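Below is one structure, written out as structure tokens; comments come after it.
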Amino acid sequence: MSDTLDVDGLVEQARAAVAAATTTEEIREVIASVAGKKSPIAQAGRSLGGLEPDARKELGQKLHAARAVIEQLVEERRSQISAEELARDMEAGRIDLTEFIEGSIPAPATRGHLHLVTQTRDALEDVFVGMGFEVAEGPEIETDWFNFGALNIPPAHPARGMWDTFYLDLGAPESTLLRTHTSPVQIHLMEEAVSSGGLPIHAVMPGRCYRRDTPDARHLPVFHQIEGLVVDKGITFADLAGTIEVFTSAYFGPDIHSRLRPAYFPFTEPSAEFEVTCTICHGEGCRTCSQTGWIELGGCGMVDPAVFGAVGIDPDQWTGFAFGFGIDRCAQMRHQIADMRALIENDIRFLRQF
Ligand code: DAH
């Protein structure tokens, strides 16, 4: 047997078998077949006893060396396989903690932006600043004097019915209130101008207003207006009409125009309502504009001499015009928002459109 035993061949067979194994299971079987009790090498070792001393020694050494080589091959392959299996398990068990379900929450990169009403106020301010106006602000809590009295609306005047008022439980009854319009800021500006020699005035005054109105598609109890006031020498109604027209086309677009219709406001004389071309039908006539082609936006007029009297401006020397309209209404018209209540519901699906 020793003459026919090809020890090198056994080593090569073992090398091929070891290399072919790819799993822990396979390498275990290979170990049994190339180095186990029934392996050719083990069987050759058991037959050594029947050999001549020299031949036994020679084959014994060869088998010993071959077994060492095979054990090393096995050991290398085994550690290689277990490293591969560990890497595969880790990859399979990996958890992606950055994962999110499309549409369920905003993607991490989504950024917020200014509310549509704020964007609208900024855009309106830009138009008026471009026309030479300054921007001013006044308080939201006013006394009866600023909101009504100085604006030529004395107590119990029937025109007070135009503004359903939230009164505050502060001072004498009905003496302090949440402003119902931005017109009281006119009074603040004119009083300041008189005391600091600040005439003429060319200013717009945006801000929040409050009225005891039930919310509906076109009204909110908390809303926004922008007021305009010019006090200068030689100001006429034509300046007012021209200012409104330039503003209208600049803000809504070149095909949208304005028209003034007679109206009544206690603080202006003469007074007018200003209307702009319907932005839905562009003047053709539709349901929104009740087939007229026009939409009412606000009020305006020449500053009443009684108002100049209240703040101490000489109406023989100075004349002026004023206007006021809704910022929320502008946003509604420009973006064709059917129901104004969407502006305060904070539904992100609505807000992110703008
Ligand atoms: N303050 C009025 C309102 O809220 C709007 C208004 C009308 C403002 C005429 C004006 C004006 O400055 O001249 O109903």
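Just so you know, ligand 1 is whichever comes first in the structure, and atom 1 is the first atom listed for that ligand. Side chains are part of it too, since the values below use all heavy atoms of this structure and drop only hydrogens, waters and symmetry mates. From a predicted model like this one, the values you see are computed outputs, not experimental measurements.
Side-chain atoms of E192 and S196 include no donor-acceptor pair closer than 3.5 Å. Side chains of E245 and H257: a donor-acceptor N/O pair is present below 3.5 angstrom, by distance only. Checking T319 against D232 by side-chain atom types alone, no donor-acceptor pair falls below 3.5 Å. Under the 3.5 Å distance criterion, with hydrogens and angles disregarded, a donor-acceptor pair is assigned to the side chains of E85 and T24. In this structure, a donor-acceptor pair under 3.5 Å is present between the side chains of R77 and Q80.
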Validation: residues 218-228 side-chain donor-acceptor distances under 3.5 Å, sequence neighbours left out:
residue: H219; atom: ND1; partner: D216; partner atom: OD1; Å: 3.0
residue: H219; atom: ND1; partner: D216; partner atom: OD2; Å: 3.4
residue: H224; atom: ND1; partner: D328; partner atom: OD2; Å: 3.0
residue: Q225; atom: OE1; partner: T182; partner atom: N; Å: 2.9
residue: Q225; atom: OE1; partner: T182; partner atom: OG1; Å: 3.2
residue: E227; atom: OE1; partner: T182; partner atom: OG1; Å: 2.8
residue: E227; atom: OE1; partner: S183; partner atom: N; Å: 3.3
residue: E227; atom: OE1; partner: S183; partner atom: OG; Å: 3.4
residue: E227; atom: OE2; partner: S183; partner atom: OG; Å: 2.8
residue: E227; atom: OE2; partner: Q186; partner atom: NE2; Å: 2.6

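Enumerated by chain and number, the residues approaching ligand 1 to less than 4.0 Å through a heavy atom are W163, H181, S183, Q186, R211, Q225, E227, F265, F267, T268, G299, C300, G301, A322, F323, G324.
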